[in-house]
Protein chains: 2
Amino acid sequence: MIQDNRYGEGMTSTDAAANAAASHGHDPLAHTLRDVGLKVTGPRVAVLRALAEHPHADADTVFRAVQGELPTTSLQAVYGVLGAFADAGLVRRIEPAGSSARYERRVGDNHHHLVCRECGRVEDVDCVLGEQACLTPSSTRGFRVAEAEVTFWGTCPACAQAEAEAEADAAAAAAIAEST
Amino acid sequence: MIQDNRYGEGMTSTDAAANAAASHGHDPLAHTLRDVGLKVTGPRVAVLRALAEHPHADADTVFRAVQGELPTTSLQAVYGVLGAFADAGLVRRIEPAGSSARYERRVGDNHHHLVCRECGRVEDVDCVLGEQACLTPSSTRGFRVAEAEVTFWGTCPACAQAEAEAEADAAAAAAIAEST
DNA sequence: CGGTTGTCTTGAATCATTCAAAACATCTGT
DNA sequence: ACAGATGTTTTGAATGATTCAAGACAACCG
């Protein structure tokens, strides 16, 4: 079973993370790659790991995360890897209006997104209406419909609070101005 | 009523279109602009007209349409006008993944879109589920939800046909190859 | 009709993303 | 374990949509 794990045991988890890219033998992530017919390489494993840590990361966020464990990886490699993953169905690429493309590992489960208009933060939401409703527009106008994408736009808790504080400050300033 | 329409009658419709930009007096479109507190200018009226003709145009399409009646208008002016219209709520900007931003006059009526994955063509569809359902994700995760955007991805009739023909050709070629 | 304010033109910069060629590494069969 | 074939990464540069900035200009108010 254990055939070419050259690092076996006795590593800290940090060592494990740092060296994982070199031990292409049988990371669980390596299997994920082989399962879809992709070669196992350092950058690919690192990108997979980065996506696990950052569930809706854009290419640059993935790039910076990957650099932590594999400093020689180029941004273009990250784009290439993400593109290959998307083609292989390993990741889903979403492109919310106003921000750069985001990538997520959660695929094939018909879920939707909540996007913050202020900061661009993205969160998952399960579909309330079954797939059925999601796949049925009122009129297809002759289109062969393959998928429905639902995006809920709003304000995330952090931005809502920042907004409330800004308003409170403005009100205070107005009160001061009025009292002089 | 007719007070400063300096062109009154006797124009061809082409003349009317070409001169409309100069007659800022009271084009119905001019009212549209004044109603939202925007100054009436040639480029703005022309953009409004272009959007009426091209319901889901991108900036460049609008630019080319505008040039037909107002050749001195710059692309940057078109971007500026479209941005001002979007801010004023006069147009809605949609940004389907993989294509440049599209602009549409139909606003405030909770309708959705059908987008062709092949050619990027966009068509309107009314919401099957009332606004109610559209505004209710299964979990808001603390977000203040303002709007739901639904995009149906598929293949438009033209691209579906092109695809079918390409397949037929491939099958024919395979048959020929087999018979030799 | 003149002044104020906002808009347009011109020119350039920015950002995310993609392209291309050569160096390199993974996997396959031995 | 090794060498070849194939696919991946690096490096360097290009692309396209969009935005920024400054000055020239035009619309609207009174």
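We name chains A, B, ... by the order of the sequence lines, and we start the count at 1 in each one. Quick note: numbers below take in every heavy atom, side chains included, and nothing from hydrogens, waters or symmetry partners.
No more than 12 heavy atoms of other residues, nucleotides or ligands sit less than 6.0 Å from atom CD of A/Q161.
Taking 4.0 angstrom as the limit, A/T41 places none of its side-chain polar atoms (N or O) nearer than this to OP1 or OP2 of D/dG7.
The distance between atom CG of A/L33 and atom P of D/dT8, rounded to the nearest whole Å, is 11 Å. Atom C1' of nucleotide D/dA27 and atom NE2 of B/H31 are separated by 16 Å, given to the nearest angstrom. Taking atom CD of B/Q76 as the reference point, atom C1' of D/dA17 lies 11 Å away to the nearest angstrom. Between the C1' atom of C/dT18 and the CG atom of A/L82 lies a distance of 14 Å, rounded to the nearest Å. Remark: P of C/dG6 and CZ of B/F85 are 17 Å apart, rounded to the nearest angstrom. Between the CZ atom of B/R44 and the C1' atom of D/dA26 there is a distance of 11 Å, given to the nearest Å. In this structure, A/L38 places its CG atom 12 Å from C1' of C/dT26, rounding to the nearest Å. One interatomic measurement links the two molecules: CG of B/L70 to P of D/dA26, which rounds to 12 Å at whole-angstrom precision.
Using a 4.0 Å heavy-atom distance criterion, B/A101 is classed as a sugar-phosphate-only contact. At a threshold of 4.0 angstrom between heavy atoms, the contacts of A/S100 are confined to the sugar-phosphate backbone, with no base atom among them.
Exactly one residue among A/H54, A/R93, A/H111 makes a side chain to side chain donor-acceptor pair (under 3.5 Å) with A/E104. That residue is A/H111.
Each of C/dT26, C/dT17, C/dT7 was ranked by its minimum atom distance to the side chain of A/Y79; first place goes to C/dT17. Nearest to the side chain of A/L75, among C/dT17, D/dT9, C/dT9, sits C/dT17.
Separating the CZ atom in A/R144 from the OG1 atom in B/T155 is a distance of 4.5 Å, to the nearest 0.5 Å. How far CG of B/L75 is from CD of B/Q67: 8.5 Å, rounded to the nearest 0.5 Å.
When only modelled atom types and interatomic distance are considered, A/T61 and A/D58 share a side-chain donor-acceptor pair under 3.5 Å.
Looking at which nucleotide of DNA chain D each of B/E95 and A/S74 is closest to, the 5′-most match is held by A/S74. Nucleotides of DNA chain C nearest to B/K39 and B/T72 differ in position, and the one nearer the 5' end is that of B/K39.
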